[in-house]
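Whatever order the structure lists them in is the order used to number ligands and atoms, beginning at 1. Hydrogens, waters and symmetry mates play no part in the numbers below; they use all other heavy atoms, side chains included.
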Amino acid sequence: MYDIAIIGLGPAGATLARLLDKKYKVIAIDRKKPETGKCCGGLLSPDAQKILAQFDICLPKDVLVDPQIFSVKTIDLDNHIEKFYHRFYINMNRAKFDDFLISLIPANIEINNNTICTKIEKENNTYSLILKTDGIKRMEKSRIIIGADGANSIVRNTFYPKSKIQKYISIQEWYKDNKNSPFYSCIFDKEITDSYCWTISKDNYFIIGGAFPVKDMNTRFEKLKEKMKNTGISFGELVKREGCFVYLNKGVMGTCAGKNGSYLIGEAAGMISPSSLEGISYSMESAKKLAEIINSDFDNIGYKYFMGTLGIRIKLLFKIFKMPFMYNKILRKIIMKSGIKTIRK
Ligand SMILES: Cc1cc2nc3c(=O)[nH]c(=O)nc-3n(C[C@H](O)[C@H](O)[C@H](O)COP(=O)(O)OP(=O)(O)OC[C@H]3O[C@@H](n4cnc5c(N)ncnc54)[C@H](O)[C@@H]3O)c2cc1C
């Protein structure tokens, strides 16, 4: 019997596992193998950098990629406007970042990589988890369970099916760079998606991706590539294609902290910016809050964690208010034409 079972070792799960008191018996499970990254832009925002600074964590240089980019080219295909904005992101290898956070987890935590949690049941205040590693099934039991399992979370789907949140699909393709000058861009086009698309250069690869409504996602992605080719971007040899669900939390009701022994952190809790899809900072912040509460009062987590994450929900609310200025065609045109905060090249 474990005290705590953590499902998912992305930034949320790895941070929680690192911060939990050694008095607890903890199992941490992730279906991915080391060196396999999530489909992600891999940009570390200033908020995420600040949390790492609070943790006194320095990034090893092999987590970084070439080049570091200081501006985003915003391409508005609806209004045919392009502008550059100053940005302070760190361009990273997402797989190495996740592996680095996992490497900081103390040895007392039982880590199970390449292990998928396929079912969870609750009986008499105990959780039974069915785990599968290389096709072999086993069962483990735990007093509490933490869903750090990202979008399409099994913990959220099992215990909080009524807490609805929109699910989009992200698709990214990696190309051998074809002499495009390195850049990071955000692309807005209503015909393609009501979220946004992007390109980014990483270690001699040129990546193009977007977040799409599930219906017609492939057609929408092909349309994006076609439109980008028309702007003069050239694609080299296709190296890989990846995809994943992403939660698009367009209302505060989409966040769910959990209660009565099953809690959610990071994207599983809906803690991801609906405007930029930036989520690593919220994942680490919610994990930090939950660890503090578990370490101080194991028997009274629910309400304290809900209140402890109020600040995150308020930040997300501001992101929701910001959305019309990014996603409404007319408002975006006014903002971009005004030149506010743009940089000239
Ligand atoms: C295309 C895209 C681009 C993005 N770009 C950025 C960016 O540049 N910067 C940024 O800050 N954020 C970005 N985000 C958001 C960011 O990826 C997430 O907010 C962040 O990864 C959430 O961290 P997490 O630990 O909560 O979940 P995740 O990182 O999703 O980790 C969940 C983990 O749970 C594991 N898992 C899931 N289900 C199971 C199961 N049943 N059994 C076992 N293991 C399981 C998965 O393997 C995974 O490792 C992007 C998201 C997308 C989709």
*Tell me, yes or no, whether the heavy-atom count around Glu121 atom CD, taken from other residues, nucleotides or ligands under 6.0 Å, exceeds 12.*
no
*Any N/O pair Gln172/ligand 1 closer than 3.5 Å*: no
*asked:* Heavy-atom distances under 4.0 Å decide this one: backbone, side chain, both or neither, for Trp198 against ligand 1?
replied: side chain
*Taking atom NZ of Lys137 as the centre, report whether more than 12 heavy atoms of other residues, nucleotides or ligands fall under 6.0 Å from it.*
no
_Under 4.0 Å from a heavy atom of Glu267: which atoms of ligand 1 are those, numbered in the order shown and with their elements?_
18 (C), 19 (O), 22 (C), 26 (O)
*Any N or O on Asp30 sitting closer than 3.5 Å to an N or O of ligand 1?*
yes
Could you tabulate the donor-acceptor pairs under 3.5 Å formed by side-chain atoms of residues 254-265, not counting sequence neighbours?
residue: Thr255; atom: OG1; partner: Val252; partner atom: O; Å: 2.8
residue: Ser262; atom: OG; partner: Tyr160; partner atom: OH; Å: 2.8
residue: Tyr263; atom: OH; partner: Gly261; partner atom: N; Å: 3.0

*Should the ring pair Tyr327 and Tyr196 be called parallel, tilted or perpendicular, given that the plane angle runs from 0 to 90° and is split at 30 and 60?*
tilted
*Answer yes or no: are there more than 12 heavy-atom neighbours, outside Asp194 itself, under 6.0 Å from its atom CG?*
yes
*Which ligand 1 atoms, with their elements, are less than 4.0 angstrom from a heavy-atom of Gly8?*
33 (C), 34 (O), 35 (C)
_Please check whether Leu43 reaches ligand 1 - meaning an N/O of the residue sits under 3.5 Å from an N/O of the ligand, judged on distance alone._
yes
*Looking at ligand 1, does any of its N/O atoms fall within less than 3.5 Å of an N/O of Gly279?*
yes
*If we only count N/O pairs under 3.5 Å, is Gly41 in contact with ligand 1?*
yes
_Does atom NZ (Lys289) have a neighbourhood of more than 12 heavy atoms from anything else shown, all under 6.0 Å?_
no
_Element-labelled atoms of ligand 1 that are located less than 4.0 Å from some non-hydrogen atom of Cys244_ = 53 (C)
*Each residue besides Met92 in its hydrophobic cluster should be listed here, by chain and number; the cluster joins Ile, Leu, Val, Met, Phe, Trp and Tyr at side-chain heavy-atom distances under 4.5 Å.*
Leu19, Leu44, Ile51, Leu52, Phe55, Ile57, Leu59, Val63, Leu64, Ile90, Phe97, Phe100, Leu101, Leu104, Ile280, Met284
*asked:* Regarding ligand 1, does Ile265 bring an N or O atom to under 3.5 Å of one of the ligand's N or O atoms?
replied: no
*Shortest protein contact, atom 37 (C) of ligand 1 (heavy atom only)*: Asp149 O, 3.3 Å
*For ligand 1, which atoms, with element, lie under 4.0 Å from some heavy atom of Leu277?*
6 (C), 12 (N), 13 (C), 14 (N), 15 (C), 50 (C)
_Within ligand 1, which atoms have a heavy atom of Ser170 less than 4.0 Å away?_
1 (C), 53 (C)
*Does a sphere of radius 6.0 Å around NZ in Lys333 hold more than 12 heavy atoms from other residues, nucleotides or ligands, not counting ones at 6.0 Å or beyond?*
no
_As an exercise, state the distance from CZ of Phe88 to CZ of Phe70, rounded to the nearest 0.5 Å._
10.0 Å
*Enumerate the atoms of ligand 1 whose separation from the nearest heavy atom of Ala12 is less than 4.0 angstrom.*
24 (P), 25 (O), 26 (O)
*Do ligand 1 and Gly266 have nitrogen or oxygen atoms that lie under 3.5 Å from each other?*
no
